[in-house]
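Take a look at the structure below.
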Protein chains: 2
Amino acid sequence: MNTSSGKLRNTAQRTIILNALRGLKTHPTADELYEVVKKEMPKISLGTVYRNLVMLAEIGMIRKLETAGKQMRFDGDISAHVHIRCSRCGRVDDIWADPISIPEHMKTIDFRGYQVTGYALEYEGICPDCAKKGMN
Amino acid sequence: MNTSSGKLRNTAQRTIILNALRGLKTHPTADELYEVVKKEMPKISLGTVYRNLVMLAEIGMIRKLETAGKQMRFDGDISAHVHIRCSRCGRVDDIWADPISIPEHMKTIDFRGYQVTGYALEYEGICPDCAKKGMN
DNA sequence: ATGCTTAATAATAATCATTCACATCAAGGG
DNA sequence: CCCTTGATGTGAATGATTATTATTAAGCAT
């Protein structure tokens, strides 16, 4: 696979980061992925992980999730799918569902002068792990 | 209006913050609201604004937006409505549209063990102001 | 009205995620 | 093989939010 595009160079760090993200079925934060990648390349820096994740998202090879929560999360799967986020721990999982017909619905809406570029549908709930731990 | 609930006390600061938020049609961040509130009460502290906004959201008198972007945003209007967020400046506006039939659709979805508490539908775009400024 | 209990406040320090600055390194074309 | 320039690692800087703490003031009971 070719990880470069335009004037981007093809570094070992970028390849490892991309493969690590694709190997995870989760939607890690930058520092979660940093911990994974460090096992393979112990001297890599967190700044490099951030820089490459943002860059890879910009060229469309991965997705930067537009999700609530204070930490950025990334997804190696760029196919169209919806997420559910745990409001306790912030974990994000994939939801496999027929996409709802939002694009059709959008034709009827007054967007008040905005150029609409997309939409994000995100479910919210308590993940199985947090439900087990916390008692409410 | 009574802004207290349970053991909460009814302070001048809380009242001013709540009224200021309700008076705005925007969805301000804590520090945007802080700037507004300071005009009326110059010695108020940013920490007090944060503390009260979070508290008022917890008791359901205002809404804390579960929106992307690094800053928290709050909404004095707790009725059900959808938002659009500018991906350039982070500004959030209301969209008046018939709610899509997501609740019905949800019955058909496998939520993988999550207790679902809700969903967030958010449109994304470029606001009129940013479209005017930037040239792309 | 006065005092008392305790939540709320103002000010400031601490934390956490992310970005920046910069000296060095190395990919890949010539 | 060298040179240009993007990429890296280190560490410092930033910005938003949260925590700490001494002081103030609601509001109930006197």
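Since the model is a prediction, treat every value here as computed from it, not as a measurement. Note on naming: letters A, B, ... go to the chains in the order of the sequence lines (proteins, then strands), and numbering restarts at 1 for each one.
Remark: P of C/dC16 and OH of A/Y50 are 13 Å apart, rounded to the nearest angstrom. Rounded to an integer number of Å, the gap from A/Q71 CD to D/dT17 P is 14 Å. As a whole-Å value, the separation of B/E58 CD from C/dA8 C1' is 15 Å. Atom NZ in A/K7 sits roughly 16 Å away from atom P in D/dT4 (whole-Å rounding). At whole-Å resolution of the value, CE in B/M55 and C1' in D/dA26 are 14 Å apart. One atom, CG of A/L8, and another, P of D/dT8, lie 9 Å apart when rounded to the nearest Å. One can place CE of B/M72 at 18 Å from P of D/dG15, the figure rounded to the nearest angstrom. If you take NZ of A/K64 and P of C/dA17, they are 15 Å apart, rounded to a whole angstrom.
Rounded to 10 degrees, the angle between the two end axes of the helix from C/dA1-D/dT30 to C/dG30-D/dC1 is 30°, with five pairs used at each end.
Residues satisfying the salt bridge (Lys or Arg N to Asp or Glu O under 4.0 Å) criterion with A/R73, sequence neighbours excluded, are A/E32. Partners of B/K107 under the salt bridge (Lys or Arg N to Asp or Glu O under 4.0 Å) rule, at least two apart in sequence or in another chain, are B/E104.
Side-chain contact check for A/T67 and A/E122: at least one donor-acceptor pair (N or O, by modelled atom type) lies under 3.5 Å. A donor-acceptor contact closer than 3.5 angstrom links the side chains of A/H27 and A/D94.
Taking only side-chain nitrogens and oxygens, A/Q13 comes nearer than 4.0 Å to OP1 or OP2 of D/dG9. Between B/R14 and C/dA8, a side-chain N or O to OP1/OP2 separation shorter than 4.0 Å is present. Taking side-chain N and O atoms only, B/R51 has no distance below 4.0 Å to OP1 or OP2 of C/dA8. The shortest distance between the side-chain N/O atoms of B/N52 and the OP1/OP2 oxygens of C/dT9 is below 4.0 Å.
Among all heavy-atom pairs drawn from B/S79 and B/R63, the shortest one is O-NH1, 3.4 Å.
Proximity of a side-chain donor or acceptor of B/R14 to a complementary backbone N or O of B/R9 within less than 3.5 Å is detected.
Chaining together hydrophobic side chains whose heavy atoms lie under 4.5 Å apart leaves A/I78 on its own.
For A/R9, the side-chain atoms get nearest to C/dA27 when compared with the rest of C/dA27, D/dT17, C/dT18.
A residue-by-residue look at B/A12 and B/K70 shows that B/A12 has its nearest nucleotide of DNA chain C further toward the 5' end.
Listed by first and then second residue, the salt bridge (charged side-chain N to carboxylate O under 4.0 Å, His left out) pairs that reach into residues 37-55 of chain A are A/E35-A/K38, sequence neighbours excluded.
Interface residues of residues 25-49 of chain B facing DNA chain C, ordered by number: B/K43, B/I44, B/S45, B/T48; criterion, heavy-atom separation under 4.0 Å.
Linking ILVMFWY residues whenever their side-chain heavy atoms come closer than 4.5 Å, directly or via other members, places B/Y50 and B/L56 in the same cluster.
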